[in-house]
Undergrad: 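Dropping a structure here in structure tokens format, bear with me for questions.
Just so it is clear, the values below take in all heavy atoms, side chains as well, and ignore hydrogens, waters and symmetry mates. Protein chains get the first letters and strands the later ones, always in sequence-line order, with residue 1 at the start of each.
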Amino acid sequence: MNQIVSATVPRLGPGCRLGSSESQKDMLLVPEGALKMKGPARVILELCDGQRTVGTIVDELSRLFPSENAARIESDVIGILMRLRDRGVVEDA
Amino acid sequence: MKYTPQALIAEVTHRCPLHCVYCSNPLEMQHRSGELATSDWISIFNQAAAMGVLQLHLTGGEPMARADILDLVSAGRKADLYLNLITSGVGLDEARLDALIAAGLDHIQLSFQDVEESEANEFAGTRAHALKVRLAEIIRKRRIGFTINIVVHRRNLARLDEMIGFAERSGAQRLEIANVQYYGWALRNRDALLPTRDQLRRCVQTLEAAQERLKGRLRIEFVLPDYYAKYPKPCMNGWGRQLMLIDPAGRVLPCHAAGVIPGIQFANVREQSLRWIWEESPAFARFRGEDWMPEPCRSCERRERDFGGCRCQAFLLTGDDKATDPVCTLAPAHGIVEEVVQRVNAGREGASQSGWVYRIDPPMSRAAQPPPVPAPLPS
Ligand code: SF4
Ligand code: SF4
């Protein structure tokens, strides 16, 4: 599979969505069940709307977490998205 | 210990246009007149969501046989549940699919009996295969979760490669290769359905290679026939731990086969709240924890992982619902399973055309009437 790069536009795969009620806030609902989204994963996934590029997502996160190093944020985002794409719950739009 | 239910399996009807030779539904089925009303189901979905349930699987029978299926989907989605429809495809067309998606359907699981039309129709006792193939074409054009489920057994495992190829081209994100589980109707046809050891070995190799090759494109899941496993599967992740099933008449069960165990009173949502049934009813408490376990499970280190196996299978094979699941190689009654496995492996592979028995069910509603059942093919 191709690499995820700054220009990649990620979105949730078909049949995958973030939980909609307060109690499901940290859940990614998928056909197999639910994946608990720890830490920044939830914020990242919310930004994966099929419009924003990875670059844009990183910029927005850098603004949200100004104390973090931007290069570090980028590698975290790409790492998380690669893992979720391997699991089939994220795809390139 | 408090358990939170994760998923609700709603068997909204037992009516089904197919007559599968391995149907796992109970032999005694609910007729239409006894089915829960729309408002009952809506109340159930709301109660379930309040208890922490995340997923709702609408199944049957054939759920599309319910005239109110759209209302059920939108009520489930309004209750914030993830909505999965498990269907044979009969009763679904482009317009109804779009309506379901508009009502909030998240995912559709389409079941196939085979990739070979004549064989598929034979296993299902109905000519439904061509329709399913057309339907897959329609589903792939929409953005909705799509899983293809193919039930495998001795007579069709040789076509596993074609099945994977078909799923790959179909646009589905997931493929479930499910071996027949021997409850209900399938137990009657077990000797004609259980794969041989050789078939299974090849099949595992094929699947593992395909999983690697298709990573990120198609998720392949595989349920081994537990007759060949060393240890049993964790029964629905444990009796009354994560799942509940509601039958068409409102009885709440820990699993679809639990009704075979005599002497258990399953409470009904018409009389009791879902929360009481889950938390307090004796049926759900019956095999929670470890106090009920006999040896060797009681002192086995795997008891936390497989919970002593399947209670229904234990009962069906030994007559004792507390027995260690006989598929476990440590079970005192393992000889029962051993004997079946030996018998099946002694014959020539695929040779057993030994007659099987079709399932004939209560009549369907007119709208969902299937084409006439063909006579079984001459063997
Ligand atoms: S008891 Fe058996 S049939 Fe019932 S849930 Fe457990 S594994 Fe399934
Ligand atoms: S003895 Fe019981 S707990 Fe141990 S593996 Fe067998 S079924 Fe599981």
Undergrad: Quick check on B:Gln109 against chain A: is it the side chain, the backbone, both or neither that has a heavy atom closer than 4.5 Å?
TA: neither

Undergrad: I need the A:Gln24 CD to B:Leu81 CG distance, nearest 0.5 Å.
TA: 7.5 Å

Undergrad: Take atom CZ in B:Arg143; do more than 12 heavy atoms of anything else shown fall under 6.0 Å from it?
TA: yes

Undergrad: To the closest 0.5 Å, what do you measure between CD (A:Glu91) and CZ (B:Arg217)?
TA: 13.5 Å

Undergrad: Consider side chain to side chain donor-acceptor pair (under 3.5 Å). Of B:Gln55, B:His107, B:Arg174, which one does A:Glu32 pass it with?
TA: B:Arg174

Undergrad: Could you measure the distance from the CG atom of B:Asp80 to the CG atom of A:Leu29? Nearest 0.5 Å is fine.
TA: 9.0 Å

Undergrad: Between B:Arg219 and A:Val89, does a side-chain contact (heavy atoms from CB on, under 4.5 Å) hold up when you go through it step by step?
TA: CA-CA 10 Å; B:Arg219 280 116 81 194; A:Val89 299; 4.2 Å; yes

Undergrad: Given a strict heavy-atom distance threshold of 4.5 Å, which part of B:Asp106 is in contact with chain A: side chain, backbone, both, or neither?
TA: both

Undergrad: Which pair of non-hydrogen atoms, one from A:Pro14 and one from B:Gln173, has the smallest distance, and what is that distance?
TA: CG-NE2, 3.5 Å

Undergrad: Looking at B:Arg288, I want to see if its CZ is surrounded by more than 12 non-hydrogen atoms of other residues, nucleotides or ligands under 6.0 Å.
TA: yes

Undergrad: Indicate yes or no: at least one non-hydrogen side-chain atom of B:Phe146 is less than 4.5 angstrom from one of A:Pro31.
TA: no

Undergrad: Counting only non-hydrogen atoms closer than 4.5 Å, does A:Leu84 touch chain B with its backbone (N, CA, C, O), its side chain (CB onward), both, or neither?
TA: neither

Undergrad: With chain B, which of A:Gly13, A:Ala34, A:Ser23, A:Gly33 has the greatest number of heavy-atom pairs at distances under 4.5 Å?
TA: A:Gly33

Undergrad: If I take atom OH from residue B:Tyr82 and atom SG from residue A:Cys16, how far apart are they, to the nearest 0.5 angstrom?
TA: 6.0 Å

